4 protein chains.
Amino acid sequence: MPDNAQQFASDNYSGICPEAWQAMAEANQGHQRAYGDDEWTARAADHFRRLFETDCDVFFAFNGTAANSLALASLCQSYHSVICSETAHVETDECGAPEFFSNGSKLLTTRTEQGKLTPASIREIALKRKDIHFPKPRVVTLTQATEVGTVYRPEEIQAISQTCDELGLNLHMDGARFSNACAFLGCTPAELTWKAGVDVLCFGGTKNGMAVGEAILFFNRDLAEDFDYRCKQAGQLASKMRYLSAPWVGILQDDAWLRYANHANHCAQLLAKLVEDVPGVSLMFPVEANGVFLQMSEPAIAALTARGWRFYTFIGAGGARFMCSWDTEEARVRQLAADIREVMAA
Amino acid sequence: MPDNAQQFASDNYSGICPEAWQAMAEANQGHQRAYGDDEWTARAADHFRRLFETDCDVFFAFNGTAANSLALASLCQSYHSVICSETAHVETDECGAPEFFSNGSKLLTTRTEQGKLTPASIREIALKRKDIHFPKPRVVTLTQATEVGTVYRPEEIQAISQTCDELGLNLHMDGARFSNACAFLGCTPAELTWKAGVDVLCFGGTKNGMAVGEAILFFNRDLAEDFDYRCKQAGQLASKMRYLSAPWVGILQDDAWLRYANHANHCAQLLAKLVEDVPGVSLMFPVEANGVFLQMSEPAIAALTARGWRFYTFIGAGGARFMCSWDTEEARVRQLAADIREVMAA
Amino acid sequence: MPDNAQQFASDNYSGICPEAWQAMAEANQGHQRAYGDDEWTARAADHFRRLFETDCDVFFAFNGTAANSLALASLCQSYHSVICSETAHVETDECGAPEFFSNGSKLLTTRTEQGKLTPASIREIALKRKDIHFPKPRVVTLTQATEVGTVYRPEEIQAISQTCDELGLNLHMDGARFSNACAFLGCTPAELTWKAGVDVLCFGGTKNGMAVGEAILFFNRDLAEDFDYRCKQAGQLASKMRYLSAPWVGILQDDAWLRYANHANHCAQLLAKLVEDVPGVSLMFPVEANGVFLQMSEPAIAALTARGWRFYTFIGAGGARFMCSWDTEEARVRQLAADIREVMAA
Amino acid sequence: MPDNAQQFASDNYSGICPEAWQAMAEANQGHQRAYGDDEWTARAADHFRRLFETDCDVFFAFNGTAANSLALASLCQSYHSVICSETAHVETDECGAPEFFSNGSKLLTTRTEQGKLTPASIREIALKRKDIHFPKPRVVTLTQATEVGTVYRPEEIQAISQTCDELGLNLHMDGARFSNACAFLGCTPAELTWKAGVDVLCFGGTKNGMAVGEAILFFNRDLAEDFDYRCKQAGQLASKMRYLSAPWVGILQDDAWLRYANHANHCAQLLAKLVEDVPGVSLMFPVEANGVFLQMSEPAIAALTARGWRFYTFIGAGGARFMCSWDTEEARVRQLAADIREVMAA
């Protein structure tokens with residue numbers, strides 16, 4: 001059971017989905033030009049432009065740490081600052097990568113309701129200091145879906161974008177789980193990004209069925225100047241790029257990206273529904289993407305762990321995070337829900 | 001023909017070898033803990049320790065740019081300098097990555113015979129400046145095999161290492177083609193590294209049959225302190241690490257790494273032998289690894305290109321570089337040699 | 001009046017004290033070797049060693065921003081973090097300089113009572129995260145006297161130092177107003193630094209009568225390795241160093257540094273005493289150094305400003321900061337106090 | 001004699017000139033707003049605008065290391081490169097400061113005749129590499145006067161500027177001895193800078209009679225965006241700024257800067273003339289600014305040193321550098337020349 005029991009720990013515990021694997025297998029034929037000059041990379045970029053209905057600049061990086069940090073570094077200088085939620089992954093789980101890639105840009109965090117920034121919270125931070133003794137705010141970064149499983153609506157993003165325009169801020173979106181947001185809202189990728197004013201999106205592949213690799217999409221193409229040099233210098237240019245780009249072709253060409261996101265979201269909804277009437281269990285955040293955050297008693301958490309389930313409990317006293325993935329099995333969701341019911345009854 | 005004709009452009013134009021592919025396929029089962037906490041990563045590290053006959057610290061990075069730059073950054077501070085050959089890849093083809101990762105360490109280059117540093121050349125640079133107005137030399141980096149296809153002998157490395165000890169310098173080896181060096185010399189990996197005084201080796205996988213990924217081996221383990229944090233911050237920690245480590249298991253467990261290196265070296269030797277009597281063609285460097293550097297006339301080079309062959313000509317007037325790979329076909333080598341003979345005769 | 005009315009805005013609004021000026025005048029004779037190889041710099045360093053009763057390593061930098069940032073950078077790597085109070089100058093007023101000089105080290109702030117860190121608050125932050133996804137704590141920085149005018153006692157520093165030892169943290173002291181702390185406590189500089197476990201002190205000269213220049217004292221001399229190179233690379237090595245070091249000779253040789261600190265502290269105490277019975281006015285923090293922080297009504301603050309007084313009000317609703325300097329005139333203190341009484345009565 | 005004998009070692013061995021000293025004394029009255037918000041700083045900036053006959057942006061930094069490095073960092077990103085002469089101070093004597101401040105920009109050096117870049121040499125470097133594996137050239141930096149005492153003519157600068165325009169390069173001038181260049185050519189500062197296409201000038205004060213401080217003038221004001229933040233973060237914002245700016249008022253208001261430069265140049269010309277017929281002595285470079293570079297025999301150099309003279313010999317076998325300063329005494333020049341004649345005759 002250890003293997004399957006890990007299914008809810010993190011969506012990057014999962015493997016490579018069949019579509020991505022198949023594309024890699026196809027790409028693994030003969031020789032190809034290196035460093036992105038190959039046909040697979042061109043095809044992947046075209047798929048993104050089609051999907052987003054715009055002629056954006058597309059780059060590929062190895063992981064989300066680098067993709068987001070490089071994107072942010074391209075939007076500000078070292079003496080500028082980046083406004084984000086206090087729960088933002090770039091703040092809490094990147095070991096200072098944004099500061100490193102930007103050579104010192106400070107992250108300015110704000111408390112958020114349900115992980116989401118608002119125009120008011122952005123405005124408050126951006127206007128708090130206007131002197132040269134504090135880094136000048138220059139970028140806002142949103143995570144879509146957020147780290148607590150909530151999803152920004154198009155109109156929320158638009159409102160934030162307008163605030164950014166007023167204040168001279170660029171708008172970046174960390175889309176590690178962007179697929180799940182699209183799936184939840186039924187919106188097109190364009191509606192959730194450039195049509196709502198997003199300048200740059202980091203579209204996550206790893207958490208949705210790929211081995212490695214994130215795509216960086218500049219809708220504001222002026223901001224992409226020499227970004228290829230930036231990637232190269234920062235150790236993010238793959239020599240055999242086809243293995244980063246082909247999987248994107250695989251999951252984009254027949255909408256596997258969306259099917260899998262829908263599946264993961266569905267599993268999360270199912271779990272939430274199955275435990276909603278369990279006494280003592282409550283949702284910490286609305287379930288909108290592929291994560292379920294449950295308030296549970298400490299003994300219940302310990303009992304669940306003892307039964308072999310793996311999940312994170314970093315949220316605070318009594319909180320447990322269950323992440324669903326592209327390959328989560330419904331049967332396992334039901335079994336988990338049943339076990340939660342039992343340990344809470346004990 | 002375009003596909004096969006690319007076979008001599010670069011060893012990173014090649015694909016994934018069967019052993020690496022098979023290991024990835026095996027690793028692609030169920031869920032695994034992320035960030036290197038998985039069984040494949042542990043196995044790969046153990047394979048390295050066995051192969052190198054020592055209890056070294058092993059890390060995995062996405063590519064050689066990052067592996068070498070991170071290793072160098074761990075061996076010096078920003079106000080220190082790195083001594084290297086003027087042909088060193090870190091100097092000529094990494095877009096300033098070593099300077100970026102180290103926040104400003106300067107590379108001090110020296111002219112070399114056949115791409116190899118010597119104790120004398122190191123001493124000359126290291127002792128040239130002793131004042132605080134110039135970065136203090138702290139590291140020597142060797143490329144094994146070198147960028148021009150030559151190979152350091154164990155006694156050459158030992159002599160350099162002794163010089164490093166005398167001068168207070170750490171010794172780093174860029175082993176993008178370390179396999180080819182081992183194959184050529186018939187030496188064990190240990191003999192070419194820690195037994196000869198190397199502190200840190202970046203062992204290249206990409207050019208020898210992997211999709212992505214380099215291993216960083218610290219023989220001097222004191223230098224590896226917190227190197228895992230360094231990798232994470234620099235965007236080089238893979239979440240689904242198993243896909244970086246499993247291929248290593250695949251090519252290390254039955255010595256595929258060495259077989260393939262031998263094959264590539266053999267193809268290079270074959271090509272050199274087949275053209276040795278072609279009038280007007282001469283070897284620019286001894287053929288010791290998997291590259292053949294030929295002095296040829298410009299019209300001949302143009303004629304070869306017109307026949308569809310792909311190769312690099314960056315070396316200077318009249319020079320052409322032909323790289324052999326793990327999957328180079330002998331028949332293609334013979335055809336290339338025949339074409340060289342023809343175009344030179346024209 | 002504008003000139004004198006500025007006397008309480010900041011202690012760096014003041015000029016050069018006579019002793020520092022006289023030393024500069026003496027130093028300004030003939031030619032002297034550059035870059036610190038001159039006799040004045042040697043004398044200044046000796047004065048520090050005598051004053052601190054230990055053979056510490058002494059360096060000079062242009063200002064506190066650089067002195068503190070370079071010192072912190074020498075105590076950690078980019079993937080490490082620095083624990084400080086949320087009111088620490090390095091966090092609130094250096095425009096990200098510590099992050100810049102260290103290439104990305106994160107500052108971890110904690111709420112403090114009266115601006116002072118405690119072993120408990122340090123332990124809480126240091127132990128909160130132990131995974132590689134968050135920068136590893138490596139340094140604690142104290143400000144002595146603190147930004148809110150309070151002073152760490154020797155035993156408080158010792159307790160913090162013990163905590164640092166337990167947790168593997170280096171201890172840095174930002175001594176922009178170190179003189180004021182010594183004066184208040186009647187302690188020797190040694191008692192407040194290395195005898196209490198401080199590794200590195202940045203001793204501020206600017207706020208105590210100098211034009212430019214801070215001294216960096218490494219009591220833990222191992223940490224000073226190649227620090228001269230670090231200063232040079234970071235643009236902090238003065239060519240005509242004598243003009244940075246001679247003023248130190250001037251204020252150290254006859255204890256002017258301490259007399260002036262005593263004077264500034266005395267003025268602060270006087271101001272506090274003169275307003276202590278003014279209805280509606282209360283001290284926000286105990287007055288221990290040269291700053292007085294008063295809770296006052298907004299209209300009173302506006303009225304004071306209208307009378308030409310200059311002071312800062314950044315602390316929060318109703319707070320006003322009055323700083324005394326080496327040259328603050330008692331008559332001005334009394335006039336200010338009288339005006340405060342009047343505007344509060346209005 | 002040791003003191004006076006140092007007069008030819010370096011122009012930063014000299015002290016503060018009377019005009020600068022007097023201005024500092026005047027500035028040292030009462031309190032002044034900090035961080036450049038004072039009247040002296042405003043006056044100094046206005047003097048520069050008047051002198052350069054244009055509304056440029058003016059900033060002050062502590063020394064040339066920082067001024068040049070910050071200016072270069074503002075003209076490129078970390079993955080860009082800076083073209084300079086192999087003798088450029090930023091390459092040879094700044095301990096990697098440009099690389100540090102820019103977070104990794106590479107300096108691309110070229111051999112020069114008499115220390116001067118040419119359009120052809122710039123074009124050769126700029127066009128050598130056009131791929132992302134090498135930092136993209138973005139800036140050219142000239143030193144005026146050069147490190148070997150030669151001076152760019154206005155038409156030479158214009159020609160370089162045109163080349164920069166063609167190639168998309170910004171043009172920076174390191175003016176550590178800009179005064180000496182103006183004096184030699186009899187040109188206005190405007191003619192040698194913005195009228196000839198220079199984007200940014202670092203105007204050196206230290207070598208021409210100031211204690212500390214360089215001015216950074218942006219003629220292309222778009223490039224100065226947020227440069228004040230950059231200075232602050234990099235530890236180059238003086239709190240008591242008046243002591244950096246007042247000396248500029250002192251030396252600019254009555255053209256002391258030019259008189260002193262003329263004097264230093266005159267002394268250099270005198271020395272060159274006095275030794276021109278000494279057998280065995282020859283000029284290594286034309287004497288155009290305040291330095292004289294003499295080819296002399298090693299024994300003669302040793303004999304001179306034995307007589308107490310101080311000078312640098314870093315140029316290569318047999319070369320000696322004699323620098324004249326604002327306060328060099330003609331009598332000492334004549335004595336030096338006589339001694340050179342004697343030691344060469346020995």
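In what follows, every chain begins at residue 1, and chains take the letters A, B, ... in the order their sequences are listed. Quantities reported herein were computed from a predicted structural model and do not represent experimental measurements.
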**Asked** Could you go step by step and tell me if C:D327 and D:H31 meet the side chain to side chain contact (heavy atoms under 4.5 Å, CB included) rule?
**Response** CA-CA 9 Å; C:D327 65 348; D:H31 280 219; 2.9 Å; yes

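- For a residue to count as touching a neighbouring chain, one of its non-hydrogen atoms must lie under 4.5 Å from one of that chain's; by this rule D:L70 does not touch chain C.
- Within residues 89-101 of chain D, the residues that have a heavy atom under 4.5 Å from a heavy atom of chain C are D:D93, D:E94, D:C95, D:G96, D:A97, D:F100, D:F101, listed by number.
- The shortest heavy-atom contact between D:G235 and C:T65 is CA-CG2, 3.8 Å.
- The closest donor-acceptor contact from the side chain of D:K240 to the backbone of C:M210 lies under 3.5 Å.
- Comparing D:S325, D:S10, D:A34 by heavy-atom pairs within less than 4.5 Å of chain C, the highest count is held by D:A34.
- For D:A61, no part lies under 4.5 angstrom from a heavy atom of chain C.
- Using modelled atom types, one side-chain atom of C:N63 and one backbone atom of D:L237 make a donor-acceptor pair closer than 3.5 Å.
- Per-residue counts of heavy-atom pairs under 4.5 Å with chain D were compared for C:S69, C:A238, C:A211; the largest is that of C:A211.
- Closest heavy-atom contact between C:Y243 and D:G15: OH-CA, 3.1 Å.
- For D:E330, the salt bridge (Lys or Arg N to Asp or Glu O under 4.0 Å) partners two or more places apart in sequence, or in a different chain, are D:R334.
- Looking at D:N12, both its backbone and its side chain come within 4.5 Å of chain C, counting heavy atoms on both sides.
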**Check against side chain to side chain contact (heavy atoms under 4.5 Å, CB included), C:D38 and D:Y13** = CA-CA 10 Å; C:D38 64 281; D:Y13 277 37; over 6 Å; no

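- Per-residue counts of heavy-atom pairs under 4.5 Å with chain C were compared for D:Q233, D:K207, D:K232; the largest is that of D:Q233.
- Among all heavy-atom pairs drawn from D:L244 and C:V212, the shortest one is CD1-CG1, 4.0 Å.
- Looking at D:M24, both its backbone and its side chain come within 4.5 Å of chain C, counting heavy atoms on both sides.
- Highest contact tally toward chain C, considering only D:S14, D:A66, D:S239, is held by D:S14 [criterion: heavy-atom pairs under 4.5 Å].
- Only the side chain of D:N103 comes within less than 4.5 Å of a heavy atom of chain C; its backbone N, CA, C and O stay farther away.
- Judged by distance alone, with hydrogens and angles left aside, the side-chain atoms of C:Q236 form no donor-acceptor pair with the main-chain N or O of D:F62 at under 3.5 Å.
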